[in-house]
Amino acid sequence: MKKVAVYAGSFDPITLGHIDIVKRARKVFDELHVVVADNPSKKYTFSKQERLKFAEESLGEIGGITVVAHEGLLIDYAKSVQAIALVRGLRALSDFDYEFHMATMNQDLCPTIETFFVTAASKYFYINSTTIKELAKNRADVSAYVPGYVAETMKEFYR
Ligand code: ADP
């Protein structure tokens with residue numbers, strides 16, 4: 001049976017850190033659903049369509065990846081695709097509290113789906129979407145942190 005996992009986030013925008021996590025997760029799971037969160041109470045910089053396009057353009061070549069948007073509980077999406085795991089990326093100790101809380105909550109909601117934590121390569125540790133947007137807003141070159149297509153779109157967006 002195929003091992004399916006789900007990796008969710010805002011991906012506002014997707015970064016090389018996210019992509020590194022996706023590639024590592026694909027070594028373990030046969031299929032990975034990359035879920036672009038669409039949370040009505042959260043304010044995103046890029047629209048759902050833009051965030052989906054960023055992910056599709058960046059992950060298309062990897063194989064075994066499905067990119068979707070989802071509104072609602074992630075665990076419900078995971079159940080609907082018979083996933084056995086939720087993948088989360090860990091950067092620093094500061095991520096731990098929140099991630100531990102979410103993993104425990106999801107375990108309560110569905111004890112058969114495990115949360116797997118993956119760390120990105122050290123060169124990606126400090127990459128996060130918020131900082132990259134701040135750089136782009138101030139006309140810095142962000143191509144070392146995000147895929148080319150995303151860097152170009154951000155340049156246009158903040159022009
Ligand atoms: P959110 O913060 O809304 O959960 P993100 O898109 O920022 O969504 O993150 C999605 C997942 O990717 C989270 O598990 C996060 O810890 C992880 N992640 C983000 N950036 C990195 C990075 N540079 N290295 C490792 N994991 C990362």
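For this chain, numbers begin at 1 and follow the sequence in order. Indexing begins at 1, ligand by ligand and atom by atom, following the structure's order.
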Inset, instruction - For residues Ser58 and Val150, report the shortest heavy-atom separation together with the two atoms involved. - result: OG-CG2, 4.2 Å
Legend entry - Carboxylate-amine/guanidinium proximity below 4.0 Å for Lys53 and Glu50: no
Legend entry - Atom pair CD1/CG of Ile113 and Leu86 - distance to nearest 0.5 Å: 6.0 Å
Legend entry - Approximate separation, where rounding is to 0.5 Å, of Leu32 CG and Arg24 CZ: 14.0 Å
Donor-acceptor list for residues 36-43 side chains, cut-off 3.5 Å, not counting sequence neighbours:
{"from": "Asn39", "atom 1": "OD1", "to": "Ser41", "atom 2": "N", "distance (Å)": "3.0"}
{"from": "Asn39", "atom 1": "OD1", "to": "Ser41", "atom 2": "OG", "distance (Å)": "2.8"}
{"from": "Lys42", "atom 1": "NZ", "to": "Ser10", "atom 2": "OG", "distance (Å)": "3.1"}

Legend entry - Thr45 and its side-chain hydrogen bond (donor to acceptor under 3.5 Å, both in side chains) partner, picked from Lys133, Lys137, Arg51: Lys133
List ligand 1's nitrogen or oxygen atoms that come under 3.5 Å of a protein nitrogen or oxygen, with the partner atom and distance.
{"from": "ligand 1", "atom 1": "3 (O)", "to": "Ser10", "atom 2": "OG", "distance (Å)": "2.6"}
{"from": "ligand 1", "atom 1": "3 (O)", "to": "Lys42", "atom 2": "NZ", "distance (Å)": "3.1"}
{"from": "ligand 1", "atom 1": "4 (O)", "to": "Arg88", "atom 2": "NH2", "distance (Å)": "3.3"}
{"from": "ligand 1", "atom 1": "6 (O)", "to": "Ser10", "atom 2": "N", "distance (Å)": "3.2"}
{"from": "ligand 1", "atom 1": "6 (O)", "to": "Phe11", "atom 2": "N", "distance (Å)": "3.1"}
{"from": "ligand 1", "atom 1": "6 (O)", "to": "His18", "atom 2": "NE2", "distance (Å)": "3.0"}
{"from": "ligand 1", "atom 1": "8 (O)", "to": "Ser10", "atom 2": "N", "distance (Å)": "3.1"}
{"from": "ligand 1", "atom 1": "12 (O)", "to": "Tyr7", "atom 2": "OH", "distance (Å)": "2.6"}
{"from": "ligand 1", "atom 1": "14 (O)", "to": "Arg88", "atom 2": "NE", "distance (Å)": "3.3"}
{"from": "ligand 1", "atom 1": "14 (O)", "to": "Arg88", "atom 2": "NH2", "distance (Å)": "3.4"}
{"from": "ligand 1", "atom 1": "14 (O)", "to": "Gly89", "atom 2": "N", "distance (Å)": "2.9"}
{"from": "ligand 1", "atom 1": "14 (O)", "to": "Gly89", "atom 2": "O", "distance (Å)": "3.3"}
{"from": "ligand 1", "atom 1": "16 (O)", "to": "Gly89", "atom 2": "O", "distance (Å)": "2.5"}
{"from": "ligand 1", "atom 1": "16 (O)", "to": "Arg91", "atom 2": "NH2", "distance (Å)": "3.3"}
{"from": "ligand 1", "atom 1": "20 (N)", "to": "Arg91", "atom 2": "NH1", "distance (Å)": "3.3"}
{"from": "ligand 1", "atom 1": "23 (N)", "to": "Tyr124", "atom 2": "O", "distance (Å)": "2.8"}
{"from": "ligand 1", "atom 1": "23 (N)", "to": "Ile127", "atom 2": "O", "distance (Å)": "2.9"}

